[in-house]
Amino acid sequence: MTNLVKNVAARSSAAERDVVPLGEAVRVWIRVAALSFGGPAGQIAVMHRIVVDEKKWVGEHRFLHALNYCMLLPGPEAHQLAIYIGWLLNRTYGGMIAGTLFVLPGFLAILALSYVYVLFGNLTFIEGMFFGLKCAVLAVVIQAVFRIGSRALKSNAMVALAAAAFVAIFFLHVPFPLIIIAAGLIGYLASRGGIAAFKAGGGHKSGSGTILEDRDSALGEEIPLHARPNLAWSLKTSGALAAAWLIPVAAIFITLGPDNVFSKIGIFFSEMAIVTFGGAYAVLAYVAQEAVQQLGWLRPGEMLDGLGMAETTPGPLIMVTQFVGFLAGDRNPGTLNPLAAATLAAVLTTWVTFLPSFLWIFAGAPFIEKMRGNVALTGAMSAITAAVVGVILNLAIWFGLHVLFRETTSFTYGSWRIDTPVLASLSSPSLILTLLAAAAIFRLKMSVITTLLTSAALGVGWTVLAS
C-alpha cells in the first residue's frame, strides 16, 4: 500500500512538470515550422514524423485524438494541433510558444515577399514568377477538389450536399458562413436521427509503419494534471485571449470609425476566424468573394499571387490573408505612409486570424474527452466537409476564369448570376502552363513545392522571351 501511494505521488509530481525540457521543445517547434510546407496535410505529416516517430513525445492514438478535435474547430487545424500538443507537453506557455513559432516563419517570409511585390512587382522577373505561380496554383486547387472530395463524398447524401453548396455559392452567391452553418445543422440533425450516410469516416493520414502506443511515449497514456477539466482555468485563460483578440478590434473601430480600412480588416478577419471550417482552400472562396468582389482590396490575379506566396513559404496556407491585409493597407493608407499602413494591416490581419486558434484550444481541449464519440458532432463535421468540396470547386472555377481568360462577363437571370469567360480572350500561355502543372501533379505525382517552383521558372522564361 505504501509503494502504491509513493507511485501515485511520483506520477502526480511528474504530471505537474513539463513532459519535455522547454528548450528542446522550442528547438523542435522551430524545426517543425521551418519544414511545414504543402498545406495542412503536409504540415501534419511533418509534425507527426518529428513529434511521434522521431521524438516519441506523444503516442499515435493521442495524436490522432487531438487532430480529430482540431478538425471540429474553425481555423487552421495544423496550427491548432501544434498548440494542442505544445500545451500537453509544456502546459499553457508551451501551447503559446508552439502556436507562435508555427506561424512566425511564414509571417516573416510573406511580409518580405509582400514588400517585394509592392515595390518591384512591375519588373519582368517578378511578373514572370507570379504568372507561373498563378497557373500552378490553379492546378493545386483542382487537386484539392479531388483530394478532399474522395475523402468526404462517401454517400449520395454527401454528394448532394456538395452540389447544393456549389450552386449556392456559384450561382446564388450565398455567403460562405451561411453555407457552413446550414451544412452543419443538416449533418447534426441527420446524425441525431440515425441516418447512416452522415457518419464520418477517416481523416488525415498521419503516417505509416510501427505505431507508437501512448503508454510508450514520453507523455504516457494518463491525462496530465494540467490537462484535466478545470472550468476556472478555462474561463480565465479564454477570457484573457478573447480580450486580447477583441479589445484591439473594438478600440480601432471606435477610434477610427467603421469605414476605416483597419476597422474593416479587424472585423472581416475576425468573422472569418469564426466560420473558417474546411481548411484554407474553402476559406479562400470566402475571402475572394468579399475582399475582391465586395471590398475591392485587391484583384483576382493578386489573390492568386498571394496563394502562390503561401504555398511556397512555411506555415499555414491561410497566411495568404496577411497578403490580402497588406495590400488593403497599402492602397488605403489614410494619413500614414503606404508601406507603414500595409505593415500594420498585415500585423493586424495575422493577429485576428490566428489568435482565435489559441482561444479554441485552451477553452475546449480540457473537455475533449466528453466530445469523443459524439455522433451528432461528428455528423455535423462530415456534412461541413462535404459542403466544402462544393465551395472549393467554386474557387477552382473562379480562379480558372481569371487565370485562363483576360476578360470575363456576367449573365444574370433573376437571382442567379453566372460569371462566364470571353472565349476570344483565352490566354494560350496560361492554358499551356496550367496543363503542364496539372500533368506534373496528377500524372507525375510531383510535390506541390516542386510544381510551384518549376512553374515559376517557366513563367519567368516565357515572360522574358515575350518581352
Side-chain angles (χ1 to χ4, degrees), residues 74-76 79 99-100 103-104 106-108 110-111 113-115 117-118 173-181 238-277 280 282-300 302-303 305-307 309-310 316-360 363:
H79 180 232
T100 301
V103 169
L104 188 58
F107 169 79
L108 295 175
I110 289 184
L111 185 62
L113 287 172
S114 298
Y115 276 110
Y117 189 89
V118 168
H173 300 276
V174 176
F176 173 66
L178 293 182
I179 294 173
I180 292 301
I181 292 170
S238 302
L241 288 168
W245 169 21
L246 298 175
I247 288 178
V249 174
I252 291 171
F253 184 87
I254 293 170
T255 303
L256 301 179
D259 295 327
N260 184 272
V261 68
F262 291 101
S263 299
K264 292 181 178 180
I265 286 173
I267 293 173
F268 173 65
F269 288 110
S270 292
E271 291 175 348
M272 187 200 71
I274 298 173
V275 300
T276 50
F277 296 92
V283 178
L284 285 174
Y286 177 44
V287 174
Q289 184 184 52
E290 297 297 323
V292 176
Q293 297 178 354
Q294 302 298 325
L295 296 169
W297 287 341
L298 69 170
R299 294 181 290 274
E302 292 172 332
M303 189 73 196
D305 292 338
L307 183 54
M309 291 182 191
L317 289 181
I318 196 59
M319 191 66 78
V320 67
T321 57
Q322 176 191 331
F323 175 71
V324 174
F326 187 95
L327 290 187
D330 179 71
R331 290 165 181 175
N332 303 274
T335 59
L336 297 175
N337 174 276
L339 285 180
T343 304
L344 291 174
V347 172
L348 175 61
T349 301
T350 304
W351 183 262
V352 299
T353 298
F354 291 99
L355 184 62
S357 291
F358 295 92
L359 174 58
W360 311 145

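We use all heavy atoms of the structure for the numbers below, so side chains are in, but hydrogens, waters and symmetry mates are not. Remember, it's a predicted structure, so these values are computed and weren't measured experimentally.
With rounding to the nearest 0.5 angstrom, the CD1 atom of Ile265 is 12.0 Å from the CE atom of Met272. To the nearest 0.5 Å, atom CG of residue Leu113 and atom CG of residue Leu108 are 11.0 Å apart. Note: Phe262 CZ to Leu256 CG = 8.0 Å, rounded to the nearest 0.5 Å. Put simply, OG on Ser114 and CE on Met309 are 5.0 Å apart, with the number rounded to the nearest 0.5 Å.
Listed by first then second residue, pairs satisfying side-chain hydrogen bond (donor to acceptor under 3.5 Å, both in side chains) with a partner in residues 244-273 read Trp245-Ser270, not counting sequence neighbours. The salt bridge (charged side-chain N to carboxylate O under 4.0 Å, His left out) contacts involving residues 336-351 comprise nothing, where partners must be two or more places apart or lie in separate chains. The list of side-chain hydrogen bond (donor to acceptor under 3.5 Å, both in side chains) pairs with a residue in residues 337-354, not counting sequence neighbours, reads Tyr115-Thr343.
Closest heavy-atom contact between Ala346 and Gln322: CB-CG, 3.8 Å. Contact between Ala341 and Gly329 at its shortest, heavy atoms only, is CB-O, 3.4 Å. Nearest heavy atoms, Pro316 versus Pro76: CB-CB, 4.2 Å.
Taking 4.5 Å as the limit, every side-chain heavy atom of Val347 sits out of range of all side-chain heavy atoms of Leu111. Using a 4.5 Å cut-off on side-chain heavy atoms (C-beta onward), Phe326 and Ile110 make no contact. When side chains are defined from C-beta on, Leu327 counts as touching Val118, because their heavy atoms get closer than 4.5 Å. Between Phe354 and Thr100, the closest side-chain pair of non-hydrogen atoms is not below 4.5 Å. By the 4.5 Å heavy-atom criterion applied to side chains, Pro356 and Pro74 are not counted as neighbours.
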Derivation and outcome, side chain to side chain contact (heavy atoms under 4.5 Å, CB included), residues Trp297 and Val292: CA-CA 6 Å; Trp297 287 341; Val292 176; over 6 Å; no
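In this structure, Glu290 contributes its side chain and Phe268 its backbone to no donor-acceptor pair below 3.5 Å. Put simply, the side chain of His79 gets close to the backbone of Gly99: a donor and an acceptor are under 3.5 Å apart.
For Glu302, the salt bridge (Lys or Arg N to Asp or Glu O under 4.0 Å) test picks out Arg299, Arg331, with sequence neighbours left out. Remark: Asp330 pairs with no residue by the side chain to side chain donor-acceptor pair (under 3.5 Å) rule, at least two apart or across chains. Under the ring pair (Phe, Tyr, Trp, His ring centres under 6.0 Å) criterion, Phe323 pairs with Tyr117, not counting sequence neighbours.
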